[in-house]
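Structure record follows, encoded as structure tokens.
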Amino acid sequence: QVELVESGGGLVQAGDSLRLSCTASEGTFRTYNIGWFRQAPGKEREFLTGVTSNSGRQYYADSVKGRFTISRDNAKNTVYLQIASLKPEDTAVYYCAADTGPTLRTSASAYDYWGQGTQVTVSS
């Protein structure tokens with residue numbers, strides 16, 4: 001079982017940029033598709049972006065295209081989420097998750113392993 005640890009969250013101002021990291025405990029991580037989600041208070045967990053294990057193909061939810069960038073460094077067992085031009089509505093707990101299935105999926109229920117989350121708070 002792989003353990004995922006997110007880091008890089010914090011309190012930032014609107015317009016700032018932030019890079020979140022998701023680091024796995026073992027190398028099988030590189031065989032998994034990885035997704036980033038977020039959950040704001042009172043809202044459902046929302047898929048943001050994902051990256052495949054083999055080709056590194058990226059997929060973005062329409063709501064984050066242009067501001068969010070996902071990348072992975074398999075040598076470091078790490079996937080990154082770069083967020084530009086942060087807005088107060090980006091305030092949420094951000095989670096990374098690993099999907100052992102063959103294709104990249106956007107449903108949270110498809111993911112097998114989750115990190116504990118990292119809080120991002122954007123002040124106006």
Side-chain angles (χ1 to χ4, degrees):
Q1 182 170 341
V2 65
E3 294 184 358
L4 305 175
V5 178
E6 301 95 337
S7 61
L11 175 63
V12 297
Q13 293 187 334
D16 285 351
S17 297
L18 202 62
R19 188 176 79 163
L20 306 181
S21 299
C22 170
T23 301
S25 59
E26 57 181 62
T28 52
F29 171 82
R30 64 195 64 187
T31 68
Y32 301 151
N33 300 319
I34 303 298
W36 279 98
F37 294 77
R38 69 184 177 190
Q39 188 165 21
K43 294 188 177 181
E44 293 186 355
R45 194 163 295 191
E46 174 190 13
F47 174 83
L48 302 172
T49 179
V51 61
T52 61
S53 60
N54 45 15
S55 65
R57 183 176 65 87
Q58 303 162 5
Y59 179 82
Y60 295 92
D62 288 341
S63 60
V64 304
K65 284 181 180 177
R67 288 199 304 124
F68 288 37
T69 304
I70 190 171
S71 60
R72 71 186 299 162
D73 185 342
N74 285 336
K76 296 182 178 179
N77 289 345
T78 300
V79 171
Y80 303 99
L81 177 64
Q82 181 77 36
I83 309 174
S85 302
L86 279 154
K87 306 174 183 180
E89 51 263 44
D90 292 321
T91 295
V93 178
Y94 284 71
Y95 299 90
C96 66
D99 179 5
T100 61
T103 59
L104 186 64
R105 293 178 283 187
T106 61
S107 173
S109 62
Y111 286 74
D112 303 285
Y113 305 110
W114 289 83
Q116 83 291 347
T118 185
Q119 176 72 47
V120 173
T121 303
V122 184
S123 64
S124 57

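Basis for what follows: all heavy atoms, side chains included, without hydrogens, waters or symmetry-related copies.
Side-chain contact between Tyr111 and Phe47 is present, with heavy atoms from C-beta onward closer than 4.5 Å. You'll find the side chain of Asp90 reaches within 4.5 Å of the side chain of Arg67, heavy atoms only. For the pair Glu6 and Leu81, the minimum side-chain heavy-atom distance is 4.5 Å or more.
Heavy atoms of other residues, nucleotides or ligands lying less than 6.0 angstrom from CD of Glu89 number more than 12. Residue Glu44 qualifies as open at atom CD: its count of foreign heavy atoms under 6.0 Å is 12 or below.
Side-chain atoms of Thr23 and Thr78 form a donor-acceptor pair, as typed in the model, at a separation below 3.5 Å.
Under the rule for a side chain to side chain donor-acceptor pair (under 3.5 Å), Tyr32 has no partner lying at least two apart in sequence or in another chain.
Using modelled atom types, no side-chain atom of Arg105 and backbone atom of Gly35 make a donor-acceptor pair closer than 3.5 Å. Without hydrogens or angle criteria, Tyr60 side chain to Ile70 main chain gives a donor-acceptor distance under 3.5 Å. The closest donor-acceptor contact from the side chain of Thr118 to the backbone of Val93 lies at 3.5 Å or more, if one exists at all. A donor-acceptor pair under 3.5 Å links the side-chain atoms of Asn33 to the main chain of Ser53, judged by distance alone. A donor-acceptor contact shorter than 3.5 Å is absent between the side chain of Arg57 and the backbone of Thr52.
In summary, Lys65 and Asp62 engage in a salt bridge, as defined by a charged side-chain N under 4.0 Å from a carboxylate O.
Between Trp114 and Phe37, the distance separating the two ring centers is shorter than 6.0 angstrom.
Pairs of residues two or more places apart, or lying in two chains, never qualify as ring pair (Phe, Tyr, Trp, His ring centres under 6.0 Å) while including a residue from residues 78-99.
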